Number of protein chains: 2
Amino acid sequence: MVRPVVTIRDVAREAGVSVATVSRALNGHANVAEPVRKQVEAVAQRLRYSPHGAARSLSSRSTQTIGVVLPDLHGEFFSELIRGIGAGARARRKHMLLSSYHGDPEQQAAALRAMRGRVDGLLVMSPFADQPGFLEENLPPLPAVLVNTHQAEPAWPAFEVDNHAGAMAMTAHLLALGHRRIAFIAGPEPNYDAQERLRGFREAIAAHPGASGCEYPGDFDEASGHRAGQAILAAGERPQAVFAANDMMALGCLYAFAQAGVRVPQDIALAGFDDIPLARFVHPSLTTMRVSIAQLGGRAVERLLDQIEAGADVAGPASGEVADRHVLAPELVVRASSGGPEHPASGTGPG
Amino acid sequence: MVRPVVTIRDVAREAGVSVATVSRALNGHANVAEPVRKQVEAVAQRLRYSPHGAARSLSSRSTQTIGVVLPDLHGEFFSELIRGIGAGARARRKHMLLSSYHGDPEQQAAALRAMRGRVDGLLVMSPFADQPGFLEENLPPLPAVLVNTHQAEPAWPAFEVDNHAGAMAMTAHLLALGHRRIAFIAGPEPNYDAQERLRGFREAIAAHPGASGCEYPGDFDEASGHRAGQAILAAGERPQAVFAANDMMALGCLYAFAQAGVRVPQDIALAGFDDIPLARFVHPSLTTMRVSIAQLGGRAVERLLDQIEAGADVAGPASGEVADRHVLAPELVVRASSGGPEHPASGTGPG
DNA sequence: CTGAAAGCGCTTACAG
DNA sequence: CTGAAAGCGCTTACAG
């Protein structure tokens with residue numbers, strides 16, 4: 001059962017040709033006589049030869065691999081992102097080297113540097129990218145595309161969700177339904193997505209005469225949404241609608257309302273953000289902004305592979321150039337919780 | 001902004017030593033004079049040197065990477081698996097090369113072979129492993145551990161969920177609650193997990209005098225669960241309990257019952273399998289078997305890394321040896337839908 | 001403790 | 001169309 005390790009030299013010897021010819025034959029180069037190619041392929045197959053990845057990468061200066069460096073692997077967001085990147089990579093026949101780290105910049109720096117010589121380009125999500133010099137100092141000299149990452153200077157191509165526009169759209173939806181006093185349950189303050197959603201809410205409220213908003217703190221989990229829901233009910237003048245900065249908080253809030261006997265949407269409208277799978281299953285089903293994270297990953301990997309194929313090999317653009325930035329607009333999904341006219345395809349319940 | 005590519009030779013030249021000394025200094029070998037080491041480290045840092053992965057792998061015959069080959073990336077199962085593997089790999093400072101393919105054996109064969117020279121070992125989930133010779137012919141000569149994969153001969157170490165025991169446990173739970181006529185909604189026939197769950201159900205029913213089971217087809221999605229639920233209600237003698245082979249089908253069934261005005265658990269008890277996140281959010285919350293897929297992945301990667309460190313370098317065991325097989329027992333999670341005494345921590349709703 | 005040299009397994013100009 | 005040779009960027013016996 002011990003399989004011998006077979007190299008290109010074994011194939012060459014067995015086929016009676018040079019290793020150069022084996023290499024050319026197996027890599028589909030044109031300048032190989034057809035009978036020779038057949039012969040080499042037959043021998044390679046018989047010996048179950050497959051080329052050594054590191055050797056091939058070293059000599060060809062190409063790894064056929066993209067590196068993906070993420071802050072975490074936990075939760076819907078990352079699994080969708082990985083799925084989208086994986087699909088995009090496979091479509092272009094690339095491998096995917098996945099690295100996650102926890103918390104501190106040191107670890108991410110190490111993860112980034114370890115990619116040199118292993119990948120042809122990088123997809124990076126970094127909470128430290130707005131720290132001046134962080135990426136400049138730690139990205140290997142390779143093409144890189146940022147995902148959902150806020151850079152101080154737009155030095156790298158970037159793909160992100162348009163949280164600001166999404167929050168404005170949702171607020172506009174609630175306003176269009178006639179609600180004027182709207183509560184906002186905010187996400188964690190240091191979080192850039194949270195900041196953008198809050199900004200969108202504020203802007204939409206400010207732009208609408210007669211509308212007023214009040215804000216409650218939260219940190220993107222159910223429990224904080226639950227607390228905010230209780231606080232909203234306890235406050236003086238009850239808002240007509242609540243917009244939670246993500247779905248998990250909206251669910252917590254929904255639960256608080258249910259406990260208090262407050263009906264959604266009859267007594268108060270409710271909306272979230274993200275369209276997590278749960279959103280359509282809860283009762284009432286949740287109006288939310290749908291964000292296609294898999295698509296975000298897929299488009300980012302396409303952009304990266306295009307750049308790699310174009311032969312770019314530097315980390316960061318030439319000086320003075322501004323990197324392209326791609327924002328994906330989330331889509332309003334109206335369900336029962338906001339009391340608006342539901343889109344038939346977004347209906348509640350399985351079956 | 002164009003960063004020059006710096007190699008070990010640049011560091012050596014700059015530090016005034018040989019490349020051998022740089023290599024030893026940076027890799028923490030003992031036989032380097034302390035001042036020399038300091039000097040080399042300073043230069044490496046100043047030049048932002050990081051070693052070239054492929055070159056290092058080729059000469060050291062070690063990639064510090066494990067390969068993960070999966071049939072798909074879609075859904076809770078794979079994201080949890082990847083998360084568990086990723087955490088395990090990071091804990092042991094290994095990289096993770098992730099490859100997914102769709103459908104056919106050819107594609108998986110290619111994915112497996114492409115791993116040679118890129119990884120030190122493989123974690124493989126393969127629907128084709130019971131096809132004689134498939135793994136033998138396509139696994140590179142590396143240590144490999146199988147995950148949730150049914151092999152005809154137990155030639156490789158394997159980690160899997162004990163679906164049979166889990167289904168028996170759930171059936172026993174329903175029987176213990178006094179239910180005697182129990183319906184089972186089966187998964188897709190070719191699926192090995194589905195087969196094992198069905199086998200566990202049958203065995204538990206057969207072992208219990210006075211109990212009777214009837215079976216309905218399904219294919220692990222909501223819609224088939226919904227159809228089965230309708231069929232169950234339409235049939236002559238209504239069962240006292242329904243056990244769906246997975247949670248998604250249980251949810252579909254629950255929805256059919258709700259539409260028909262049949263109350264769960266008062267009129268009929270219901271249980272699922274998997275403990276997907278939705279299970280605790282639906283109403284009534286769903287009794288199910290919890291399967292820790294992340295743990296499955298984590299343990300598999302540990303087993304693989306142990307084998308790699310032990311210096312094994314062959315695909316498959318020595319002839320005559322039987323590979324170890326690890327089954328992870330799922331855990332019964334009693335919630336409202338079965339009408340049993342609920343565990344306090346498993347309660348319904350957020351907050 | 002240090003360096004010169006061989007070698008890891010490929011690819012790719014360069015000749016022919 | 002084919003082969004001999006150089007080289008990719010490291011690591012590691014081997015001498016000293």
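Bear in mind that the values here come from a model prediction, so they are computed numbers and not experimental data.
- Salt bridge present: Arg13(A) and Asp10(A) bring a charged side-chain N and a carboxylate O closer than 4.0 Å.
- For the residue pair Arg299(B) and Gln295(B), no side-chain donor N or O sits within less than 3.5 Å of a side-chain acceptor on the partner.
- Taking a cutoff of 4.0 Å between a charged side-chain nitrogen and a carboxylate oxygen, Asp120(A) and Lys94(A) do not qualify as a salt bridge.
- Across every non-hydrogen atom of Thr63(A) and Gly117(A), the tightest pair is CG2-O, 4.0 Å.
- Looking only at atom types and distance, the side chain of Gln151(B) has no donor-acceptor partner in the side chain of Thr149(B) under 3.5 Å away.
- One atom, NE2 of His52(B), and another, C1' of dC10(C), lie 13 Å apart when rounded to the nearest Å.
- Residue Arg56(B) has a polar side-chain atom (N or O) positioned under 4.0 Å from OP1 or OP2 of dT11(D).
- Near DNA chain C, meaning a heavy atom under 4.0 Å away, there are no residues from residues 31-40 of chain A.
- Atom C1' of dG16(D) sits at a distance of 16 Å from the matching atom of dT12(D), rounded to the whole Å.
- In this structure, His29(B) atom NE2 and dT12(D) atom P are separated by 6 Å, rounded to whole Å.
- Checking dT11(C), dC10(D), dG9(C) against every side-chain atom of Asn27(A), the shortest atom distance belongs to dT11(C).
- Annotation: side chain to side chain contact (heavy atoms under 4.5 Å, CB included) contacts of Glu153(A) (sequence neighbours excluded): none.
- The nucleotide dC14(C) finds its pairing partner in dG3(D), both defining distances of the Watson-Crick or G-U wobble pair being shorter than 3.5 Å.
- The distance from atom CZ of Arg118(A) to atom C1' of dG9(D) is 13 Å, rounded to the nearest whole Å.
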Using a 4.0 Å cut-off on protein heavy atoms (strictly under), produce a 5'-to-3' string for nucleotides 3-8 of chain D with B for base contact, S for backbone-only sugar-phosphate contact, and - for none.
BB--BB

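- Rounded to whole Å, atom C1' of dC1(C) lies 17 Å from atom CG of Leu26(B).
- Salt bridge annotation for Glu41(B)-Lys38(B): absent, with no cationic side-chain nitrogen under 4.0 angstrom from a carboxylate oxygen.
- Residue Gln45(A) qualifies as open at atom CD: its count of foreign heavy atoms under 6.0 Å is 12 or below.
- The minimum heavy-atom distance linking Tyr49(B) with Thr7(B) is given by the pair CE1-C, 3.5 Å.
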